[in-house]
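One structure below.
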Protein chains: 2
Amino acid sequence: MKSMANIYDVYEDRCPTRMVLDRIADKWALLILDKLRRDAVRFNLLRREIKGISQKVLSQTLKKLERDGLISRQAFPTVPVTVEYSLTPLGRTLTDTVAALAHWAEGNMDAVMAAQRAYDERTVV
Amino acid sequence: MKSMANIYDVYEDRCPTRMVLDRIADKWALLILDKLRRDAVRFNLLRREIKGISQKVLSQTLKKLERDGLISRQAFPTVPVTVEYSLTPLGRTLTDTVAALAHWAEGNMDAVMAAQRAYDERTVV
DNA sequence: CGGTATCCTTAGGGATACTG
DNA sequence: CAGTATCCCTAAGGATACCG
């Protein structure tokens, strides 16, 4: 964990956008934030809902988001243990933007894929 | 370029959000879209404005964005050649969201960094 | 259930040099 | 100016096994 402490040291210039973009401009992070939009979700449920994410990457991403203060982790002393992840107030201020991004993705996927096909025809052939 | 053609093949399920998020949830891509918000920008100017990006990565990212139909490339037959990148109409539909993300980053950087310090004190010590 | 630890692979990206 | 080509290396991430 010590190695994460100096993550901002590489940015000599003070561009806040770049700093924080570097943190949240991550596919998995955005998907997780989106999944937590409604309510708290347990680890394995999150894993099942976000198809394709490995246990390792989910765990890592959750830890980063928690460190950034965007989500919080709550463990319940059940047997076996239950852990719920939920948005913090800070995280909640980001969800509208994330949702907008997701909404854009849904609405423009076809256009993007069409553009790709057109591009490939122009260049590959 | 052929290898990029089947990039969506890995997504057996049809989750559009994931597909497109995978494309645009990239730090450099978002920064480029943000820089092009006002008007067209030349390659090397873009490179200078986005500190820390290498020529290689800038070139790659621009090509991806062009393929996705978000930006367009226009070369002028000057000597030496001048190349301008600008947003397409499709790309323009995304800029508000990107700007919102950038704005969030600016406004909440301090909170994020404070959260990180608090987290590190809790866990590392 | 909710993780961590370990090993291993590969592709993402830096550095450098060259070109139309 | 706006790239491409090459080499090289590290670090992100999959697979597997184990644990409180």
Side-chain angles (χ1 to χ4, degrees), chain A residues 1-4 6-7 9-12 18 22-32 35-36 40-67 71-86 123-124, chain B residues 1-7 9-12 18 22-23 25-32 35-36 40-67 71-86 123-124:
Chain A
M1 215 50 36
K2 189 87 180 190
S3 59
M4 293 179 70
N6 293 341
I7 192 161
D9 288 1
V10 290
Y11 300 100
E12 332 79 66
R18 211 156 313 170
D22 197 31
R23 315 288 304 156
I24 59 178
D26 170 65
K27 176 189 168 189
W28 298 126
L30 290 174
L31 282 169
I32 290 171
K35 292 296 179 191
L36 297 184
V41 183
R42 283 180 305 101
F43 185 87
N44 275 333
L45 183 55
L46 215 42
R47 193 182 164 193
R48 258 172 273 128
E49 290 203 346
I50 303 178
K51 281 179 189 170
I53 194 169
S54 70
Q55 192 173 32
K56 182 184 178 180
V57 172
L58 176 57
S59 174
Q60 287 173 342
T61 309
L62 286 170
K63 212 175 284 180
K64 282 186 198 170
L65 288 173
E66 191 192 357
R67 190 172 105 100
I71 66 173
S72 67
R73 193 194 106 113
Q74 189 173 10
F76 299 94
T78 53
V79 181
V81 66
T82 302
V83 179
E84 271 188 5
Y85 289 92
S86 56
T123 59
V124 173
Chain B
M1 216 50 34
K2 190 87 181 190
S3 59
M4 292 180 71
N6 293 338
I7 193 160
D9 289 359
V10 291
Y11 299 98
E12 332 78 72
R18 210 155 314 168
D22 196 33
R23 313 288 305 159
D26 169 66
K27 177 190 167 191
W28 298 125
L30 291 174
L31 282 170
I32 289 172
K35 292 296 179 190
L36 297 184
V41 184
R42 283 181 304 102
F43 185 88
N44 275 332
L45 183 55
L46 216 41
R47 192 182 166 196
R48 257 172 274 129
E49 288 202 348
I50 303 178
K51 281 179 190 171
I53 195 169
S54 70
Q55 194 173 31
K56 182 183 178 180
V57 172
L58 176 57
S59 174
Q60 287 173 344
T61 309
L62 286 171
K63 213 175 285 181
K64 282 187 198 169
L65 289 173
E66 191 191 358
R67 190 172 105 98
I71 67 173
S72 67
R73 193 193 107 113
Q74 189 174 9
F76 299 95
T78 53
V79 182
V81 66
T82 303
V83 178
E84 272 189 4
Y85 291 91
S86 56
T123 58
V124 175

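Lettering of chains follows the sequences in order, A, B, ..., and the numbering in each one begins at 1. Treat the numbers as computed from the prediction; the structure is a model and nothing was measured.
- Rounded to an integer number of Å, the gap from CG of Leu58(A) to C1' of dG2(C) is 10 Å.
- One atom, NZ of Lys64(A), and another, P of dG13(D), lie 7 Å apart when rounded to the nearest Å.
- Arg73(B) approaches Tyr85(B) most closely through the heavy-atom pair CG-CE2, 3.3 Å.
- Contact record, Lys27(A) with Ala25(B): N-CB, 3.7 Å, taken as the closest heavy-atom pair.
- Residue contacts for Arg47(B): at a heavy-atom cut-off of 4.0 Å it reaches no nucleic acid atom on any strand shown.
- In this structure, Arg42(B) atom CZ and dC1(D) atom P are separated by 7 Å, rounded to whole Å.
- Shown here for Glu49(B) and Lys35(B), the closest heavy-atom pair between the two residues is OE1-CD, 3.4 Å.
- Residue-level contact check: Gln55(A) touches the bases, meaning some heavy atom is under 4.0 Å from a base atom.
- Which of dG3(C), dT4(D), dG13(C) sits closest to the side chain of Ser59(B) comes down to dT4(D).
- When the side-chain nitrogen and oxygen atoms of Lys63(B) are compared with OP1 and OP2 of dT4(D), one or more of them lie within a distance under 4.0 Å.
- Counting to the nearest Å, the C1' atom of dT4(C) and the CD atom of Gln60(A) are 11 Å from each other.
- When the nucleotides dT4(D), dT4(C), dA2(D) are ranked by their closest atom to the side chain of Val81(B), dA2(D) comes out on top.
- Residue whose closest nucleotide on DNA chain D sits further toward the 5' end, between Glu84(B) and Val57(A): Glu84(B).
- Distances shorter than 4.0 Å separate none of the side-chain N or O atoms of Lys56(A) from OP1 or OP2 on dT16(D).
- Computed from coordinates, the Ile53(A) CD1 to dG3(C) P distance equals 13 Å when rounded to whole Å.
- When the P atom of dG13(D) is taken as reference, atom CD1 of Ile50(A) falls 14 Å away, rounded to whole Å.
- Residue contacts for Val83(A): at a heavy-atom cut-off of 4.0 Å it reaches the sugar-phosphate backbone alone, with no base atom in range.
- Remark: P of dG20(D) and CZ of Phe43(A) are 18 Å apart, rounded to the nearest angstrom.
- Once rounded to the nearest 0.5 Å, the distance linking CD1 of Ile53(A) with CG of Leu31(A) reads 7.5 Å.
- Comparing dG3(D), dC1(C), dT4(C) by their closest approach to the side chain of Arg73(B) singles out dG3(D).
- Minimum atom distance to the side chain of Ser54(A) is reached by dG14(D), of the listed dA17(C), dG14(D), dG14(C).
- Residue Tyr85(B) places none of its side-chain N or O atoms closer than 4.0 Å to OP1 or OP2 of dC1(D).
- When each of Leu36(A), Ile71(A), Asp26(A) is tested with Leu65(A) by the rule side-chain contact (heavy atoms from CB on, under 4.5 Å), just one qualifies, namely Ile71(A).
- Protein atom CG of Asn44(A) is 9 Å distant from nucleotide atom C1' of dG3(C), rounded to whole Å.
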